[in-house]
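Reviewing the structure listed below.
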Amino acid sequence: MDENKTLSPEELKAEEEALREVKEDEVREKVIAEYGFDEVDDSDRIDKLVKERVGSQKNLSQAIGQKIKYRTELQKKEEKPKEELPPKDQKKDIDPEELDKTLEEKVQKQLEKRDLDSLDYPDELKADIQRVAQIKGISIKQAVSDPYIAFKIEAVEKEKETEEATASRTNKKGGKTEYSLDNPPDVDVTTEEGQKKWEKWKEEMRRKHPTASL
């Protein structure tokens, strides 16, 4: 049986896409666009998600590559002339359906892991999502919509908003923004007032960071 004939053009295209070399720059761009991250402020979260997605994609590519290899080997065995086949007691019997089922399960697990890794939630919440998916026999995406998980996600989001609001307030002093080496004032240096603010910031940074190059 030629298993290529059982695959639709869409499925074959999906396999080709999964085997395509993973480029970290492309993954990084997708992560930033998907979550609206700031490349500087959210660099740690961006790096973490990029690492997880690249790793998951590589594992998925390996699983699909293995599936294609086995499928090709089975096809060659079936096309080989019968007289060239070794005696039945000298060859290892392989059940194509069982093999295909095993490989499909492996690919599915890789897809589920990729979906789980793509979630920007704490590891503890990810573990709960995975547990609900396994108990109910549903996908990671479906588990995210589970009432129990939805409640926990809402709690995490509220906590995140509170932390961001607190961080924003701590960066304020007397109604003025506290500038740093990584957060210089946004001024127009073509004006006298802008030049004064810029020089004042540089003077303060030299005092706080003597080794900094300004």
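Atom set for the values below is all heavy atoms of this structure, side chains included, hydrogens, waters and symmetry mates excluded.
Taking both residues in full, the closest heavy atoms of Pro184 and Trp198 are given as CB-CZ3, 4.0 Å, listed atom of the first, atom of the second, then distance. Across all non-hydrogen atoms, the minimal contact from Ile138 to Glu112 is O-OE1, 4.3 Å. Nearest heavy atom pair, residue Val187 against residue Gly194, reads CG2-O, 3.6 Å.
In the hydrophobic clustering of ILVMFWY residues, with side-chain heavy atoms under 4.5 Å counting as a link, Leu116 and Val54 come out apart.
Using a 4.0 Å cut-off between charged nitrogen and carboxylate oxygen, Lys113 and Asp117 count as a salt-bridge pair. Under a 4.0 Å N-O distance rule, the pair Asp123/Lys48 qualifies as a salt bridge. A salt bridge is defined here as a Lys NZ or Arg NE, NH1 or NH2 lying under 4.0 Å from an Asp or Glu carboxylate O, and Arg207 with Glu203 fails to meet this definition. Salt bridge annotation for Glu204-Lys200: absent, with no cationic side-chain nitrogen under 4.0 angstrom from a carboxylate oxygen. Between Glu193 and Lys197 there is a salt bridge, with a side-chain nitrogen of the basic residue lying less than 4.0 Å from a carboxylate oxygen of the acidic one.
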Point to revise | Derivation of the side-chain contact (heavy atoms from CB on, under 4.5 Å) call for Ser56 and Gln110 | key: CA-CA 7 Å; Ser56 294; Gln110 292 295 339; 5.6 Å; no

Review point. Hey, mind stepping through Arg206 and Lys202 against side-chain contact (heavy atoms from CB on, under 4.5 Å) and telling me if it holds?
Key: CA-CA 6 Å; Arg206 289 194 187 101; Lys202 288 173 64 177; 3.4 Å; yes

Practice item. Apply salt bridge (charged side-chain N to carboxylate O under 4.0 Å, His left out) to the pair Lys196 and Glu192, showing each step before the final yes or no. Key: CA-CA 6 Å; Lys196 288 182 179 179; Glu192 183 178 353; 3.6 Å; yes

Report, one line per pair, each donor and acceptor closer than 3.5 Å where one atom sits in a side chain of residues 31-40; sequence neighbours left out.
residue: Glu34; atom: OE1; partner: Arg53; partner atom: NH1; Å: 3.0
residue: Glu34; atom: OE1; partner: Arg53; partner atom: NH2; Å: 3.0
residue: Glu34; atom: OE2; partner: Arg53; partner atom: NH2; Å: 3.4
residue: Tyr35; atom: OH; partner: Ser118; partner atom: O; Å: 2.1
residue: Asp38; atom: OD1; partner: Val40; partner atom: N; Å: 2.9
residue: Asp38; atom: OD1; partner: Asp41; partner atom: N; Å: 2.9

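Atom CH2 of residue Trp201 and atom CG of residue Asn183 lie 9.0 Å apart, to the nearest 0.5 angstrom. Ile149 contributes atom CD1, which lies 10.0 Å from atom OH of Tyr121 (distance to the nearest 0.5 angstrom). To the nearest 0.5 Å, atom NZ of residue Lys152 and atom CG of residue Asp146 are 11.5 Å apart. Within the model, atoms CD of Gln195 and CG of Asp188 stand 9.0 Å from one another, a figure rounded to the nearest 0.5 Å. The CD1 atom of Ile46 lies 11.5 Å from the CD atom of Glu29; values are rounded to the nearest 0.5 Å. Atom OG of Ser145 is separated from atom CD1 of Ile129 by 10.0 Å, given to the nearest 0.5 angstrom.
Legend: ring pair (Phe, Tyr, Trp, His ring centres under 6.0 Å) pairs involving residues 125-145, not counting sequence neighbours: none detected.
Under the 4.5 Å side-chain criterion, counting only non-hydrogen atoms from C-beta, Arg28 is in contact with Asp47. Contact annotation: the side chain of Pro122 approaches that of Val156 to within less than 4.5 Å [non-hydrogen atoms, C-beta and beyond].
At distances below 3.5 Å, at least one donor-acceptor pair connects side-chain atoms of Lys126 with backbone N or O atoms of Leu119.
Atom NZ of Lys160 has more than 12 heavy atoms from other residues, nucleotides or ligands within 6.0 Å.
The salt bridge (Lys or Arg N to Asp or Glu O under 4.0 Å) test applied to Glu124 returns no partner, not counting sequence neighbours.
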